[in-house]
Amino acid sequence: MPIATSANSIIVLDFETTGLSANQGDRAIEIGAVKLQGGIIVDRFHSLMNPGFRINRFIEDFTGISNNMLKDAPDCKTVMNQFADFIQNSNLVAHNASFDQRFLDAELTHIQRRYNGSFACSLLLSRRLTQDAPSHKLGELVRYHQIKNDGIFHRALADAEATASLWLVLLDSLQHDYGITNPDFSLMKKIAKTPKASIGKLLKTIAI
DNA sequence: TGCCAGGCCCTCTTTAGGGCCTT
(Lines give C-alpha, C1' and ligand atoms only; values in the text may rest on other atoms or scores of the structure.)
Protein backbone atom coordinates (compact mmCIF):
# COMPACT_ATOMS: atom_id res chain seq x y z
CA MET A 1 0.00 0.00 0.00
CA PRO A 2 1.47 3.41 -0.94
CA ILE A 3 2.60 5.50 1.97
CA ALA A 4 2.74 9.27 1.57
CA THR A 5 4.51 11.50 4.04
CA SER A 6 2.59 14.53 2.82
CA ALA A 7 -0.36 15.07 0.53
CA ASN A 8 0.46 14.86 -3.20
CA SER A 9 4.19 14.74 -2.50
CA ILE A 10 6.34 12.41 -4.58
CA ILE A 11 10.05 12.09 -5.26
CA VAL A 12 11.24 11.64 -8.85
CA LEU A 13 14.66 10.03 -9.03
CA ASP A 14 17.29 8.87 -11.47
CA PHE A 15 20.50 6.85 -11.05
CA GLU A 16 23.58 6.86 -13.22
CA THR A 17 25.38 3.56 -12.75
CA THR A 18 28.43 1.56 -13.82
CA GLY A 19 26.20 -0.74 -15.90
CA LEU A 20 22.84 -2.43 -16.14
CA SER A 21 23.15 -5.22 -13.59
CA ALA A 22 22.71 -4.30 -9.95
CA ASN A 23 22.88 -7.95 -8.96
CA GLN A 24 26.12 -8.59 -10.85
CA GLY A 25 28.34 -5.99 -9.26
CA ASP A 26 27.30 -2.77 -10.95
CA ARG A 27 27.03 0.21 -8.61
CA ALA A 28 25.48 3.65 -8.59
CA ILE A 29 27.78 6.57 -9.46
CA GLU A 30 25.26 9.43 -9.34
CA ILE A 31 21.84 10.06 -7.85
CA GLY A 32 19.55 12.94 -8.72
CA ALA A 33 16.07 13.52 -7.36
CA VAL A 34 13.42 16.20 -7.08
CA LYS A 35 10.54 16.42 -4.65
CA LEU A 36 7.26 17.37 -6.31
CA GLN A 37 4.51 18.91 -4.25
CA GLY A 38 1.37 20.35 -5.82
CA GLY A 39 3.00 20.21 -9.25
CA ILE A 40 6.03 22.24 -8.15
CA ILE A 41 9.61 21.18 -7.40
CA VAL A 42 10.09 22.06 -3.75
CA ASP A 43 13.37 20.23 -3.03
CA ARG A 44 16.32 18.63 -4.83
CA PHE A 45 18.95 16.00 -4.06
CA HIS A 46 22.07 15.43 -6.13
CA SER A 47 25.44 13.78 -5.62
CA LEU A 48 28.12 11.86 -7.44
CA MET A 49 29.35 8.81 -5.54
CA ASN A 50 32.56 6.81 -5.75
CA PRO A 51 31.74 3.14 -6.44
CA GLY A 52 35.17 1.95 -5.27
CA PHE A 53 36.45 0.91 -8.69
CA ARG A 54 37.14 2.52 -12.06
CA ILE A 55 34.22 2.87 -14.44
CA ASN A 56 34.64 1.79 -18.05
CA ARG A 57 35.04 4.05 -21.06
CA PHE A 58 31.53 3.41 -22.34
CA ILE A 59 29.98 4.74 -19.13
CA GLU A 60 32.35 7.71 -19.10
CA ASP A 61 31.29 8.60 -22.65
CA PHE A 62 27.61 7.78 -22.10
CA THR A 63 27.18 9.86 -18.94
CA GLY A 64 29.97 12.39 -19.17
CA ILE A 65 30.99 11.29 -15.67
CA SER A 66 34.72 10.56 -15.61
CA ASN A 67 36.87 8.56 -13.25
CA ASN A 68 38.55 11.84 -12.39
CA MET A 69 35.20 13.30 -11.31
CA LEU A 70 34.50 10.27 -9.12
CA LYS A 71 37.97 10.17 -7.57
CA ASP A 72 37.15 12.67 -4.85
CA ALA A 73 33.40 11.98 -4.62
CA PRO A 74 31.97 10.60 -1.36
CA ASP A 75 31.46 6.84 -1.30
CA CYS A 76 28.14 5.14 -2.01
CA LYS A 77 27.56 4.44 1.68
CA THR A 78 27.76 8.11 2.63
CA VAL A 79 25.58 9.33 -0.24
CA MET A 80 22.95 6.60 0.03
CA ASN A 81 22.57 7.19 3.76
CA GLN A 82 21.81 10.83 3.00
CA PHE A 83 19.47 9.83 0.20
CA ALA A 84 17.62 7.36 2.43
CA ASP A 85 16.98 10.25 4.82
CA PHE A 86 15.81 12.39 1.88
CA ILE A 87 13.23 9.94 0.56
CA GLN A 88 12.07 8.62 3.95
CA ASN A 89 8.69 7.02 3.14
CA SER A 90 7.84 9.07 0.07
CA ASN A 91 6.28 7.55 -2.99
CA LEU A 92 8.75 7.39 -5.86
CA VAL A 93 8.69 7.86 -9.63
CA ALA A 94 11.34 6.98 -12.20
CA HIS A 95 11.53 6.47 -15.97
CA ASN A 96 11.70 2.70 -16.45
CA ALA A 97 11.32 2.41 -12.69
CA SER A 98 12.24 -1.27 -12.50
CA PHE A 99 15.84 -0.29 -13.32
CA ASP A 100 16.14 2.45 -10.68
CA GLN A 101 14.26 0.35 -8.13
CA ARG A 102 16.78 -2.48 -8.51
CA PHE A 103 19.70 -0.09 -7.89
CA LEU A 104 17.93 1.68 -5.00
CA ASP A 105 17.17 -1.68 -3.39
CA ALA A 106 20.75 -2.90 -3.93
CA GLU A 107 22.43 0.26 -2.63
CA LEU A 108 20.19 0.44 0.43
CA THR A 109 20.79 -3.25 1.13
CA HIS A 110 24.53 -2.50 1.20
CA ILE A 111 23.98 -0.04 4.06
CA GLN A 112 21.14 -1.95 5.72
CA ARG A 113 18.62 0.83 5.13
CA ARG A 114 15.03 0.43 3.98
CA TYR A 115 12.30 2.57 2.50
CA ASN A 116 8.55 2.11 2.61
CA GLY A 117 7.40 4.14 -0.37
CA SER A 118 5.90 2.72 -3.53
CA PHE A 119 7.35 3.02 -7.06
CA ALA A 120 5.50 4.20 -10.16
CA CYS A 121 6.92 4.21 -13.68
CA SER A 122 6.63 7.16 -16.07
CA LEU A 123 7.63 4.90 -18.99
CA LEU A 124 4.71 2.54 -18.44
CA LEU A 125 2.31 5.44 -17.87
CA SER A 126 3.52 7.09 -21.07
CA ARG A 127 2.95 3.88 -23.04
CA ARG A 128 -0.65 3.88 -21.79
CA LEU A 129 -1.50 7.55 -22.30
CA THR A 130 0.51 8.60 -25.38
CA GLN A 131 0.40 5.52 -27.55
CA ASP A 132 1.12 7.61 -30.64
CA ALA A 133 4.51 8.78 -29.37
CA PRO A 134 7.23 7.54 -31.75
CA SER A 135 9.36 6.37 -28.84
CA HIS A 136 9.11 6.29 -25.07
CA LYS A 137 12.76 7.03 -24.41
CA LEU A 138 12.99 9.93 -21.98
CA GLY A 139 14.76 12.20 -24.46
CA GLU A 140 12.25 11.45 -27.21
CA LEU A 141 9.31 12.14 -24.89
CA VAL A 142 10.84 15.47 -23.85
CA ARG A 143 10.91 16.42 -27.54
CA TYR A 144 7.48 14.94 -28.27
CA HIS A 145 5.81 16.89 -25.45
CA GLN A 146 7.96 19.99 -26.09
CA ILE A 147 9.11 19.94 -22.48
CA LYS A 148 11.46 22.80 -21.63
CA ASN A 149 14.93 21.33 -21.33
CA ASP A 150 18.55 22.49 -21.37
CA GLY A 151 19.63 19.62 -23.63
CA ILE A 152 21.42 17.67 -20.89
CA PHE A 153 20.60 13.94 -20.74
CA HIS A 154 22.12 10.95 -18.97
CA ARG A 155 22.97 13.01 -15.91
CA ALA A 156 20.98 12.13 -12.83
CA LEU A 157 19.52 15.47 -11.76
CA ALA A 158 18.76 16.59 -15.32
CA ASP A 159 16.99 13.30 -16.07
CA ALA A 160 15.09 13.43 -12.75
CA GLU A 161 13.89 16.95 -13.59
CA ALA A 162 12.89 15.88 -17.10
CA THR A 163 11.03 12.87 -15.71
CA ALA A 164 9.24 15.12 -13.21
CA SER A 165 8.15 17.41 -16.05
CA LEU A 166 6.97 14.39 -18.04
CA TRP A 167 5.03 13.13 -15.02
CA LEU A 168 3.25 16.51 -14.77
CA VAL A 169 2.46 16.44 -18.52
CA LEU A 170 0.91 12.97 -18.11
CA LEU A 171 -0.99 14.20 -15.04
CA ASP A 172 -2.33 17.11 -17.06
CA SER A 173 -3.27 14.77 -19.91
CA LEU A 174 -5.32 12.60 -17.56
CA GLN A 175 -7.27 15.64 -16.45
CA HIS A 176 -7.76 17.43 -19.76
CA ASP A 177 -7.70 14.63 -22.34
CA TYR A 178 -9.41 11.91 -20.31
CA GLY A 179 -11.57 13.99 -17.96
CA ILE A 180 -10.18 12.48 -14.78
CA THR A 181 -10.28 14.99 -11.95
CA ASN A 182 -7.48 15.12 -9.39
CA PRO A 183 -5.64 11.92 -10.33
CA ASP A 184 -3.39 10.92 -7.43
CA PHE A 185 -0.26 8.76 -7.24
CA SER A 186 -2.19 5.56 -6.59
CA LEU A 187 -4.41 6.07 -9.61
CA MET A 188 -1.49 6.90 -11.89
CA LYS A 189 0.32 3.80 -10.70
CA LYS A 190 -2.81 1.74 -11.34
CA ILE A 191 -3.09 3.09 -14.88
CA ALA A 192 0.60 2.40 -15.52
CA LYS A 193 0.20 -1.22 -14.39
CA THR A 194 -3.02 -1.88 -16.29
CA PRO A 195 -2.55 -4.04 -19.41
CA LYS A 196 -2.61 -1.99 -22.58
CA ALA A 197 -5.58 -3.90 -23.93
CA SER A 198 -7.68 -2.85 -20.93
CA ILE A 199 -6.57 0.76 -20.60
CA GLY A 200 -9.38 2.33 -22.64
CA LYS A 201 -12.06 0.67 -20.56
CA LEU A 202 -10.34 1.63 -17.30
CA LEU A 203 -9.99 5.30 -18.26
CA LYS A 204 -13.65 5.52 -19.25
CA THR A 205 -14.66 3.92 -15.95
CA ILE A 206 -12.55 6.35 -13.94
CA ALA A 207 -13.76 9.39 -15.86
CA ILE A 208 -17.40 8.69 -15.04
C1' DT B 1 34.13 -23.20 -21.41
C1' DG B 2 30.84 -19.99 -22.30
C1' DC B 3 27.72 -17.10 -20.84
C1' DC B 4 26.52 -12.90 -18.57
C1' DA B 5 19.89 -7.92 -16.72
C1' DG B 6 15.26 -7.82 -16.17
C1' DG B 7 10.55 -6.42 -16.81
C1' DC B 8 7.07 -5.12 -20.10
C1' DC B 9 4.67 -5.93 -24.30
C1' DC B 10 3.62 -7.38 -28.97
C1' DT B 11 2.84 -11.12 -32.19
C1' DC B 12 4.15 -14.59 -37.26
C1' DT B 13 2.02 -16.20 -29.17
C1' DT B 14 0.60 -18.69 -24.99
C1' DT B 15 4.92 -25.50 -24.74
C1' DA B 16 8.30 -18.53 -27.65
C1' DG B 17 10.97 -15.06 -29.38
C1' DG B 18 12.37 -10.56 -29.86
C1' DG B 19 12.08 -5.33 -29.44
C1' DC B 20 11.88 -1.59 -26.17
C1' DC B 21 13.68 0.78 -22.15
C1' DT B 22 17.09 1.78 -18.27
C1' DT B 23 23.25 2.43 -17.63
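Residue numbering restarts at 1 for every chain, and letters A, B, ... go by the order of the sequence lines.
Contacts of A/I29 with the nucleic acid, taken as non-hydrogen atoms under 4.0 Å apart, are absent. Across all strands, A/D14 comes closer than 4.0 Å only to sugar-phosphate atoms, never to a base (heavy-atom distances). A/T18 comes within 4.0 angstrom of no nucleic acid atom, judged by non-hydrogen atoms across all strands.
No donor-acceptor contact under 3.5 angstrom links the side chains of A/S90 and A/K35, judged on distance only. Inspection of the A/S118 and A/N91 side chains reveals no N or O donor paired with an N or O acceptor under 3.5 Å.
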Distances under 3.5 Å only, N/O to N/O: pair up the protein atoms with those of nucleotides 10-12 of chain B.
none

Atom pairs, protein N/O to nucleotides 1-5 of chain B N/O, distance under 3.5 Å:
residue: B/dA5; atom: O4'; partner: A/S21; partner atom: OG; Å: 2.8

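Rounded to an integer number of Å, the gap from CD of A/E140 to C1' of B/dT22 is 15 Å. A straight line from CG of A/L123 to C1' of B/dT23 spans 15 Å, rounded to a whole angstrom. One interatomic measurement links the two molecules: CG of A/D100 to P of B/dT23, which rounds to 7 Å at whole-angstrom precision. What separates CG of A/L125 from C1' of B/dC8 is a distance of 14 Å, to the nearest Å. Atom-to-atom, CZ of A/F15 to P of B/dG6 comes out at 18 Å; the value is rounded to the nearest Å. In this structure, the CG atom of A/L138 is 17 Å from the P atom of B/dC20, given to the nearest Å. A/L13 places its CG atom 12 Å from the C1' atom of B/dT22, with the value rounded to the nearest Å. Going from atom CG of A/D105 over to atom P of B/dG7 covers 12 Å, rounded to whole Å.
For the contact set between residues 47-66 of chain A and DNA chain B, defined by any heavy atom under 4.0 Å, the members are A/F58, A/I59, A/F62, A/T63.
Taking atom C1' on both nucleotides, B/dG7 is separated from B/dT23 by 16 Å, rounded to a whole Å. Taking the C1' atom of each, B/dC12 and B/dG19 are spaced 14 Å apart, rounded to whole Å. Taking atom C1' on both B/dT13 and B/dC8, the two are 15 Å apart, rounded to the nearest angstrom. One P atom belongs to B/dC3, the other to B/dT11, and the distance between them is 32 Å to the nearest Å. Atom name C1', nucleotides B/dG2 and B/dC10: the rounded distance is 31 Å, in whole Å. Taking the P atom of each, B/dG18 and B/dC4 are spaced 13 Å apart, rounded to whole Å.
The other residues sharing a hydrophobic cluster with A/M69 are A/I29, A/L48, A/I55, A/F58, A/I59, A/F62, A/I65, A/L70, where clustering joins ILVMFWY side chains under 4.5 Å apart. Hydrophobic cluster of A/L123: no remaining members, since no ILVMFWY side chain lies below 4.5 Å from it.
Taking the side chain as every heavy atom from C-beta outward, A/L92 and A/L104 approach each other to under 4.5 Å.
The side chain of A/S98 places no N or O atom within less than 4.0 Å of a non-bridging phosphate oxygen (OP1 or OP2) of B/dT22. In this model, the phosphate group of B/dC21 is not approached by any side-chain N or O of A/H95 to a distance below 4.0 Å at OP1 or OP2.
For the atom pair CG of A/N182 and CG of A/L171, the computed distance is 9.0 Å after rounding to the nearest 0.5 Å. Separating the CD1 atom in A/I31 from the CG atom in A/D14 is a distance of 7.0 Å, to the nearest 0.5 Å. Here A/L138 contributes atom CG and A/N96 contributes atom CG; the two are 10.5 Å apart, rounded to the nearest 0.5 Å. Distance CZ/A/F86 to CZ/A/R44: 10.0 Å, rounded to 0.5 Å.
Listed here is the closest heavy atom pair of A/H46 and A/E30: NE2-OE2, 2.7 Å.
Applying the ring-ring contact (aromatic ring centres under 6.0 Å, His included) test to A/F119 and every residue at least two apart in sequence or in another chain returns nothing.
Side chain of A/R127, nearest nucleotide from B/dC20, B/dT23, B/dG6: B/dC20. Nearest to the side-chain atoms of A/H136 among the listed nucleotides B/dC21, B/dG7, B/dT23 stands B/dC21.
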Handout entry: Intermediate values then yes/no, side-chain contact (heavy atoms from CB on, under 4.5 Å), A/F45 and A/D85
Key = CA-CA 11 Å; A/F45 185 101; A/D85 292 337; over 6 Å; no

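The nearest heavy atom of DNA chain B to A/L124 and to A/N96 marks one nucleotide each, and the one closer to the 5' end goes with A/L124.
Under the 30°/60° scheme for interplanar angles, the aromatic rings of A/F185 and A/W167 are found to be tilted.
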